Each structure stands twice: as C-alpha cells, then as structure tokens.
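Please read the structure below before turning to the comments.
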Amino acid sequence: RAQPFAERAVQQAGRAIKTMQQQVAHLDREIATALRPAVEPSLAAQIRAHWAGTGAKALPGLRKAIEAGDAATVGAVLNAPAYLSGLSEENQGLLRAMAAEKFAPEKVAQRAETADALARVERATTHFMETMAGRLREWRDDDSKIIEEALG
C-alpha cells in the first residue's frame, strides 16, 4: 500500500529538482547577460589586445577594472577565449566570478541559494529512495510470509 505514496513523493521531488535546475540555468543566463561586452566588437578586440600585451600586470589590472565597474573592459575580456587577453582559463574564471559579484550580485546570491536548495533536495530524494526501496522490499517479504502462512 505504501508504494504508490512513495512513488508520488519521488515524482514530486523530481518535478521540484527539474524546476530548480531550470532556475539555476536561467540565473546563469542572466549573469552571463550582465557580463556581456558593452562595446562594439572591434573595440572589444582592441581592449583584449591591450591586456594581452600587459603580461603579468593583466590580472591585477583587470581586477581593478572590475572593482571600478568598467563594464566595457570586463565584457570584452570575459566574453572571448582567455588567451586573447593573455589570461589562463583559471584566471579568467576567477575574474568572471568577481565580475558576476560586482555586476549581478542579486542574481549570484539567488543562484547560490537555488543551487544549495537543489543539492539538499537531491540528497534528500536519494536518501528517501534508498530507504523506501529497502522498506518496500522488507514489507513485501513480510506480506508474502503472512499470505503463505494463511494459505499453508
């Protein structure tokens, strides 16, 4: 008798997980939109070329640009392959996280909260399914024994 209720609970959790995954993806798109270049492509290329020519000074300089709210520089550098600005993928990722905090702090906070809730629901669902699967087998075995005894 418990199986339909367990299945319904898992289905509802699955819908909640899907909704939260969609929300995370939506927030990722909104954050990416906030980091898009605010300049034309040829100027963005010149900005990247400038930073590529600064060598080791690129990372600290770009951090200052983020802190100053320079959307043109940030957008030009973050929306192209890292090597075009003289950065490593790792450094560009760090700058992207800093820029997201600067230019879309509410969206970053919402994304973090949603991702945290998603992880908790996924863990709880997994635990519920593992627990209920064992219990349902156990209860079915008990029911089978009762039926066998009654028929025997």
Side-chain angles (χ1 to χ4, degrees), residues 1-39 41 44 47-48 51 56 58-152:
R1 289 185 209 180
Q3 186 167 348
F5 295 105
E7 289 172 355
R8 222 171 312 148
V10 171
Q11 288 172 349
Q12 289 174 340
R15 284 192 295 274
I17 288 170
K18 184 177 180 182
T19 299
M20 285 186 272
Q21 289 170 334
Q22 290 170 341
Q23 181 66 14
V24 167
H26 171 73
L27 291 166
D28 284 343
R29 287 189 300 275
E30 288 196 8
I31 292 167
T33 298
L35 301 180
R36 290 240 163 77
V39 297
I47 292 169
R48 287 188 295 273
W51 290 106
L59 189 59
L62 289 166
R63 287 179 63 187
K64 287 180 185 173
I66 291 169
E67 291 166 3
D70 183 349
T73 297
V74 171
V77 169
L78 296 181
N79 287 281
Y83 65 86
L84 292 178
S85 301
L87 298 170
S88 68
E89 292 285 334
E90 181 181 334
N91 286 341
Q92 189 184 48
L94 293 171
L95 291 171
R96 182 171 277 110
M98 288 177 60
E101 283 286 340
K102 175 70 177 181
F103 294 104
E106 306 86 26
K107 300 298 177 191
V108 170
Q110 289 173 353
R111 190 206 185 282
E113 289 172 12
T114 304
D116 183 51
L118 174 60
R120 280 186 272 135
V121 170
E122 287 175 333
R123 282 192 310 271
T125 302
T126 299
H127 176 73
F128 177 80
M129 288 186 329
E130 290 171 353
T131 302
M132 286 308 296
R135 290 287 194 299
L136 289 172
R137 277 191 299 274
E138 182 181 309
W139 293 333
R140 254 190 237 121
D141 289 346
D142 289 346
D143 288 347
S144 294
K145 288 177 188 173
I146 292 169
I147 291 170
E148 283 178 22
E149 289 172 6
L151 294 175

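This one's a predicted model, so the numbers in the text were calculated from it and none came from an experiment. In what follows, residues are counted from 1 in the order of the sequence shown.
Separating the CD1 atom in Ile31 from the CZ atom in Phe103 is a distance of 13.5 Å, to the nearest 0.5 Å. Separating the OG1 atom in Thr131 from the CE atom in Met129 is a distance of 10.5 Å, to the nearest 0.5 Å. Here the straight-line distance linking atom NZ of Lys102 with atom CG of Leu35 works out to 13.0 Å at 0.5 Å rounding. Rounded to the nearest 0.5 Å, atoms NZ (Lys64) and CG (Leu59) are 11.5 Å apart. For the atom pair CD (Glu122) and CD1 (Ile17), the distance works out to 5.0 Å, reported to the nearest 0.5 Å. The structure places CG of Leu94 at 11.5 Å from CD of Glu89, a figure rounded to the nearest 0.5 Å.
The heavy-atom pair separating Ala13 from Thr125 by the smallest distance is CB-OG1, 3.3 Å. The shortest non-hydrogen separation linking Ala76 to Arg48 is O-NH1, 2.9 Å. In plain terms, the two heavy atoms of Ala72 and Val39 that are nearest each other are CB-CG1, 3.3 Å. Contact between Met20 and Thr114 at its shortest, heavy atoms only, is O-CG2, 3.7 Å. Between Ser85 and Val77, the shortest heavy-atom contact is OG-CG1, 3.6 Å. Taking all atoms of both residues into account, the shortest heavy-atom contact from Arg96 to Asn79 is NH2-N, 4.4 Å.
Dense packing is recorded around CZ of Phe128, with more than 12 heavy atoms of other residues, nucleotides or ligands lying under 6.0 Å away.
For the pair Pro81/Leu84, a side-chain contact is recorded, criterion being any heavy-atom separation below 4.5 Å from C-beta on. Counting heavy atoms from C-beta outward, Val74 and Leu95 have side chains that stay 4.5 Å or more apart. Side-chain contact check for Arg63 versus Met98: some heavy-atom pair is nearer than 4.5 Å. Here the side chains of Thr73 and Trp51 are in contact, with some heavy-atom distance below 4.5 Å.
In this structure, the side chain of Gln92 engages the main chain of Ala80 through a donor-acceptor pair within 3.5 Å.
No hydrogens or angles considered: a donor-acceptor pair under 3.5 Å links the side chains of Arg36 and Thr33. Side chains of Glu30 and His26: a donor-acceptor N/O pair is present below 3.5 angstrom, by distance only.
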*Please walk me through it: do Leu27 and Val108 pass side chain to side chain contact (heavy atoms under 4.5 Å, CB included)?*
CA-CA 8 Å; Leu27 291 166; Val108 170; over 6 Å; no
